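Below: one structure, written as structure tokens.
Predicted, not measured: the structure shown is a model, and the values here were computed from it.
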Amino acid sequence: MKVRLICSGFGGQGALTIGKFLAKASMKEGKEVTWLPSYGPAMRGGTANCSVIFSDEEIASPIVNTPDVVIALNQPSVDKFEPLVVKGGVLIVNSDMCPNGTKRKDIRVIEMPMSRVASDMGSMKIVNMLAIGIFIEATKVVKHESVEEDLVAFMGEKNPDLLELNMQAIKKGMEFAKE
């Protein structure tokens, strides 16, 4: 098993955090993993993306040229990475931030209005957790329990209210991907 992921969005949307939580969950499950961040011209507002590779075997290079999965939190990310997704791959899109939509018909496209759902749930900070939930359900690469364990360790004492909201967002993303 080898799955190549690119997470991308504007700085501050949590694209790198998505990759980091998924990579840590994968390591917890005993898989080989790489996580490689890439920043645009500005930390906030510029583009940011990361490449993550999950594998049962040693990984020779952290570079992802042809992703199996792309999580695109904005239109520039769709425009840049949609053409690279392998045939039969998965494109997870925050449709609220992608007014031009997607073009490919040979991949599975999962479009969720993540910004609106996050706002309705009470915090824009959980957009990335919705995307994580979709990824977990659509790919089965990592278990949601592994991500949740890391979330509890990361923010359990610091912000229990946001922790609970993050857990709800992961589950909501998973439910959405089932449809």
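Scanning all heavy atoms of the two residues, the minimum distance from Pro99 to Gln75 falls at N-OE1, 3.3 Å. Annotation for Cys7 and Ala15: closest pair CB-O, 3.4 Å, computed over non-hydrogen atoms. When all heavy atoms of Gly173 and Ile134 are compared, the closest pair comes out as O-CG1, 3.3 Å. The shortest non-hydrogen separation linking Met155 to Leu163 is SD-CA, 3.7 Å. Listed here is the closest heavy atom pair of Ala138 and Ala177: N-CB, 4.3 Å. Nearest heavy atoms, Ala118 versus Ile126: CB-CG1, 3.7 Å.
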Inset, instruction - Please test Asp96 against Arg116 for salt bridge (charged side-chain N to carboxylate O under 4.0 Å, His left out), starting from the C-alpha separation and ending with a verdict. - result: CA-CA 7 Å; Asp96 287 329; Arg116 189 168 356 142; 3.0 Å; yes
Inset, instruction - Decide side-chain contact (heavy atoms from CB on, under 4.5 Å) for Ile132 and Met129; before the verdict, give the C-alpha distance in whole Å, the side-chain angles of both, and the deciding distance to 0.1 Å. - result: CA-CA 5 Å; Ile132 285 175; Met129 294 300 138; 3.9 Å; yes
Inset, instruction - Starting from the C-alpha separation in whole Å, work towards a yes-or-no answer on salt bridge (charged side-chain N to carboxylate O under 4.0 Å, His left out) for Lys28 and Glu145. - result: CA-CA 10 Å; Lys28 186 176 288 201; Glu145 294 88 358; over 6 Å; no
Inset, instruction - Just do the side-chain contact (heavy atoms from CB on, under 4.5 Å) check on Ile170 and Leu151 with the steps written out, would you? - result: CA-CA 11 Å; Ile170 290 171; Leu151 267 172; 3.5 Å; yes
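Hydrophobic clustering (side-chain heavy atoms under 4.5 Å, transitive across Ile, Leu, Val, Met, Phe, Trp, Tyr) keeps Val93 apart from Val52. Leu16 and Val3 fall within a single hydrophobic cluster, where Ile, Leu, Val, Met, Phe, Trp and Tyr side chains are chained together by heavy-atom contacts under 4.5 Å. If you chain together hydrophobic residues whose side chains sit under 4.5 Å apart, Phe81 and Met112 never meet in one group. Grouping the Ile, Leu, Val, Met, Phe, Trp and Tyr side chains by contacts below 4.5 angstrom, directly or via other members, places Ile53 apart from Trp35. Val64 and Ile92 fall into different hydrophobic clusters, where Ile, Leu, Val, Met, Phe, Trp and Tyr residues are linked whenever their side-chain heavy atoms come under 4.5 Å apart, directly or through other members.
In this structure, SG in Cys50 is found 8.5 Å from CG in Leu36, a value given to the nearest 0.5 Å. Atom-to-atom distance recorded for Met1:CE and Glu32:CD is 10.0 Å, nearest 0.5 angstrom. To the nearest 0.5 Å, atoms OG1 (Thr66) and NZ (Lys87) are separated by 15.0 Å. Taken to the nearest 0.5 Å, the CG atom of Asn49 stands 12.0 Å off from the CD1 atom of Ile71. Taking CE from Met97 and CE from Met114, the interatomic distance works out to 11.5 Å, rounded to the nearest 0.5 Å. Atom CZ of Phe21 is separated from atom CD1 of Ile136 by 11.0 Å, given to the nearest 0.5 angstrom.
Between the side chains of Asn94 and Ser115, at least one donor N or O sits under 3.5 Å from an acceptor N or O.
Without hydrogens or angle criteria, Gln13 side chain to Val127 main chain gives no donor-acceptor distance under 3.5 Å. With hydrogens and angles ignored, the 3.5 Å screen pairs no side-chain donor or acceptor of Ser77 with any backbone N or O of Leu73. Ser61 contributes a side-chain N or O that, together with a main-chain N or O of Ile63, makes up a donor-acceptor pair within less than 3.5 Å. Counting only distance, with no hydrogens or angles, the side chain of Glu82 and the backbone of Leu91 share no donor-acceptor pair below 3.5 Å. A distance-only check finds no donor-acceptor pair linking the side chain of Arg4 to the backbone of Asn65 [under 3.5 Å].
Val117 has its side chain out of reach of Phe176: every pair of non-hydrogen atoms, C-beta onward, lies at least 4.5 Å apart. Between Val147 and Val142 there is a side-chain heavy-atom pair separated by less than 4.5 Å. Taking 4.5 Å as the limit, every side-chain heavy atom of Lys24 sits out of range of all side-chain heavy atoms of Val33. Asp56 has its side chain within reach of Lys31: a pair of non-hydrogen atoms, C-beta onward, lies under 4.5 Å apart. A heavy-atom distance below 4.5 Å is found between the side chains of Val90 and Ile110. Contact of the Val141 side chain with the Val69 side chain is not registered, since no non-hydrogen atoms from C-beta on lie closer than 4.5 Å. Asp150 places none of its side-chain heavy atoms less than 4.5 Å from the side chain of Met27.
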